[in-house]
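Worksheet for the structure shown next.
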Amino acid sequence: MVETLGVAVVGFGWMGRVHTQAYARVLHHFPGLTVRPELVAVAEEVPGRAEQAAAQYGFVSTSRDWREIAADPRVRAVSVTAPNFLHREIGVAMAEAGKHLWIEKPVGLTADDARAVADAVAKAGVQGTVGFNYRNAPAVEAARELIASGEIGRVTHVRIRLFSDYAAHPDGALTWRYERERGGSGVLGDLASHGADLARFLLGDITSLTADTAIFLPERARPSGATAGHTLATGGDLGPVENEDYVNCLLRFASGARGVLEACRVSVGEQNNYGFEVHGTRGAVFWDFRRMNELAVSRGTTYQDQPVSTVYVGPGAGEFGAFQPGAANAMGYDDLKVIEAYHFLRSVSEGVPYGATLADAVRSAAVLDAMTRSAESGAWADVRAS
């Protein structure tokens, strides 16, 4: 028997749209789910945006105040896709109201924010899923299994990169993303949070690190109205960019492995250049998000001049089989969010966490906090996850 689950979306920018579309598609790909999401309510403070969402996707009701969602008995699960500075307040309130929570990373501005939401979810006995979508790529799951199996030997080092140009235009508007009070960190929270999660997902806990950050575009024009995505603005008053455009970080893992994590939001010529290279004593595995369904793998006993093969993941890898019947058929970014919706709804249905949890968010945020401390002090910093 399939139970209807009333869901709401708080914040309807691009990510709110992605969550909504994932709810609409999830049963198409995972028909075995025992809950069916029903789009009950959407909250967005920008005038008219919630109404547009309702007209397009069929939400029953709209609001400009997320508190109305918390008080709505029809809503049993909530997607939080609002700006970072609201994550803690909204996340805690929804959990205390008994709502299951699918919340975007980084879950607030600091590890303390993420812990507050995690504690509220645990106390309320609800489920919490976090938007670390890149770990959902079937090729990434296949890489994790390959590493764990020992096929590339003992892991010695990893390099993780997240380069993008979304903030590279000098006329990019000075939105909340560039302010400390509302955005918190810059590329740390936006991209490096994914890198920290991928590092832990593949190789285990990070124990210490040293980081360097930089702001390359120190001023931007203030927008004249509401913004969505990465809007351009010209002619407005200039204001300071308060958080970092770039981070470079050396990592030490509990396993003894070493790593490099580098992220930048102003990399001209780079569009979503995200990926990793994991090296072991007998081989290596490489992944590039732009070729999301492929792995490059080197394994064997040759060591020197050992070849690298391209592996096209198929139905045996992660949730690939829910989307395509055979290897080398493409999946895309939105499919990763459908997988995330599946994990969330399965967690709600079974009362057992699946996918990335708030504990993962806390650990990722602890890595980001350590990067901030290290960049300020110029010294190595321990990762304080507890």
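All heavy atoms count here, side chains included; hydrogens, waters and symmetry mates do not.
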Worksheet entry | R291 CZ: over 12 foreign heavy atoms closer than 6.0 Å | no
Item to complete: State, with a plain yes or no, whether a side-chain heavy atom of E244 is found less than 4.5 Å away from one of L188.
Response: yes
Discussion item. Under 3.5 Å, is there a donor on one side chain and an acceptor on the other for Q271 and D165?
Written reply: yes
Worksheet entry | Aromatic Y178 / basic R220 pairing, under 6.0 angstrom, 45° off normal | yes
Practice prompt. Start with the C-alpha distance between D369 and V367, add both sets of side-chain angles, then the distance that settles side-chain contact (heavy atoms from CB on, under 4.5 Å), and finish with yes or no.
Written response: CA-CA 5 Å; D369 282 2; V367 172; over 6 Å; no
Discussion item. Within this structure, what is the CG-CD1 distance for the pair L251 and I160, rounded to the nearest 0.5 Å?
Written reply: 7.0 Å
Discussion item. For F12, does the six-membered ring have the charged nitrogen or CZ of R49 within the cation-pi criterion, i.e. under 6.0 angstrom from the centroid and within 45° of the normal?
Written reply: no
Discussion item. side-chain hydrogen bond (donor to acceptor under 3.5 Å, both in side chains), that's the test. Do N273 and R161 meet it? Break it down for me.
Written reply: CA-CA 7 Å; N273 181 358; R161 70 186 184 282; 2.6 Å; yes
Worksheet entry | Least distance between heavy atoms, L217 atom then H169 atom | CD1-O, 4.3 Å
Worksheet entry | H157 and H279 aromatic ring geometry - parallel, tilted or perpendicular at 30°/60° bounds | parallel
Discussion item. Starting from V247, can I reach L250 by hopping between I/L/V/M/F/W/Y residues whose side chains sit under 4.5 Å apart?
Written reply: no
Discussion item. Please report the interatomic distance CG(D113) to CD(E89), rounded to the nearest 0.5 Å.
Written reply: 11.0 Å
Discussion item. Working to the nearest 0.5 angstrom, can you tell me the gap between F320 CZ and I339 CD1?
Written reply: 10.0 Å
Discussion item. Taking OH in Y312 as the centre, count heavy atoms belonging to other residues, nucleotides or ligands within less than 6.0 Å. Is the count above 12?
Written reply: no
Discussion item. For A137 versus M292, what's the shortest heavy-atom pair and its separation?
Written reply: CB-CG, 4.1 Å
Discussion item. Is it true that R17 and Q56 share a donor-acceptor pair across their side chains at a distance under 3.5 Å?
Written reply: yes
Discussion item. For the aromatic rings, using the six-membered ring if either is Trp, is the centroid distance between W102 and F132 under 6.0 Å?
Written reply: no
Worksheet item: Are R252 and W380 in a cation-pi setup, meaning NZ or CZ lies under 6.0 angstrom from the ring centre and within 45 degrees of the ring axis?
Response: yes
Worksheet item: So how far is it from L27 CG to R25 CZ, rounded to the nearest 0.5 Å?
Response: 12.0 Å
Worksheet, complete the sentence: With sequence neighbours left out, the residues meeting salt bridge (Lys or Arg N to Asp or Glu O under 4.0 Å) with R76 are E3
Discussion item. Would a single hydrophobic cluster contain both V311 and L146, if residues Ile, Leu, Val, Met, Phe, Trp and Tyr are joined by side-chain heavy-atom contacts under 4.5 Å?
Written reply: yes
Practice prompt. Test Y166 against L191 for side-chain contact (heavy atoms from CB on, under 4.5 Å), laying out the working first.
Written response: CA-CA 11 Å; Y166 69 80; L191 296 181; 4.1 Å; yes
Discussion item. Evaluate E277 against R159 for salt bridge (Lys or Arg N to Asp or Glu O under 4.0 Å), listing each step before the verdict.
Written reply: CA-CA 5 Å; E277 301 141 27; R159 184 166 74 98; 2.8 Å; yes
Worksheet entry | Minimal non-hydrogen separation, A361 against V107, with atom names | CB-CG2, 3.7 Å
Worksheet item: T175 and R182: which non-hydrogen atoms are nearest, and at how many Å?
Response: C-NH2, 4.2 Å
Discussion item. Same cluster or not: V155 versus V140, using hydrophobic residues (I, L, V, M, F, W, Y) connected whenever any side-chain heavy atoms lie under 4.5 Å apart?
Written reply: yes
Worksheet item: Between T302 (side chain) and Q304 (backbone), is there a donor-acceptor pair under 3.5 Å?
Response: no
Worksheet item: Once the angle between the rings of Y274 and F289 is folded into 0 to 90°, is it parallel (under 30°), tilted (30 to 60°) or perpendicular (over 60°)?
Response: parallel
Practice prompt. Inspect the surroundings of CD in E45 and state if more than 12 heavy atoms from other residues, nucleotides or ligands are less than 6.0 Å away.
Written response: no
Worksheet entry | E51 side, atom CD; S63 side, atom OG - distance, nearest 0.5 Å | 9.0 Å
Discussion item. Once rounded to the nearest 0.5 Å, what's the spacing between atom OG of S61 and atom CD of E68?
Written reply: 8.5 Å
Item to complete: Apply side-chain hydrogen bond (donor to acceptor under 3.5 Å, both in side chains) to the pair E38 and T4, showing each step before the final yes or no.
Response: CA-CA 7 Å; E38 179 183 11; T4 298; 5.2 Å; no
Item to complete: Please report the closest heavy-atom contact between T81 and E104, naming both atoms and the distance.
Response: CG2-CG, 4.0 Å
Fill in: Inter- and intrachain pairs under side-chain hydrogen bond (donor to acceptor under 3.5 Å, both in side chains), touching residues 318-332, at least two apart
none
Worksheet item: Passes side-chain contact (heavy atoms from CB on, under 4.5 Å), M94 versus I69? Steps please.
Response: CA-CA 8 Å; M94 293 301 175; I69 302 292; 3.8 Å; yes
Item to complete: Tell me whether L209 is reachable from Y246 by hopping between hydrophobic residues (I, L, V, M, F, W, Y) whose side-chain heavy atoms are closer than 4.5 Å.
Response: no
Worksheet entry | ILVMFWY network linking Y134 to F201, side-chain heavy atoms under 4.5 angstrom | yes
Discussion item. Working note: H29 + Y342, criterion ring pair (Phe, Tyr, Trp, His ring centres under 6.0 Å); need CA distance, chi angles, decisive distance, verdict.
Written reply: CA-CA 9 Å; H29 298 280; Y342 167 63; over 10 Å; no
Item to complete: Report, as yes or no, whether the 6.0 Å neighbourhood of atom CD on E181 holds more than 12 heavy atoms from other residues, nucleotides or ligands.
Response: no
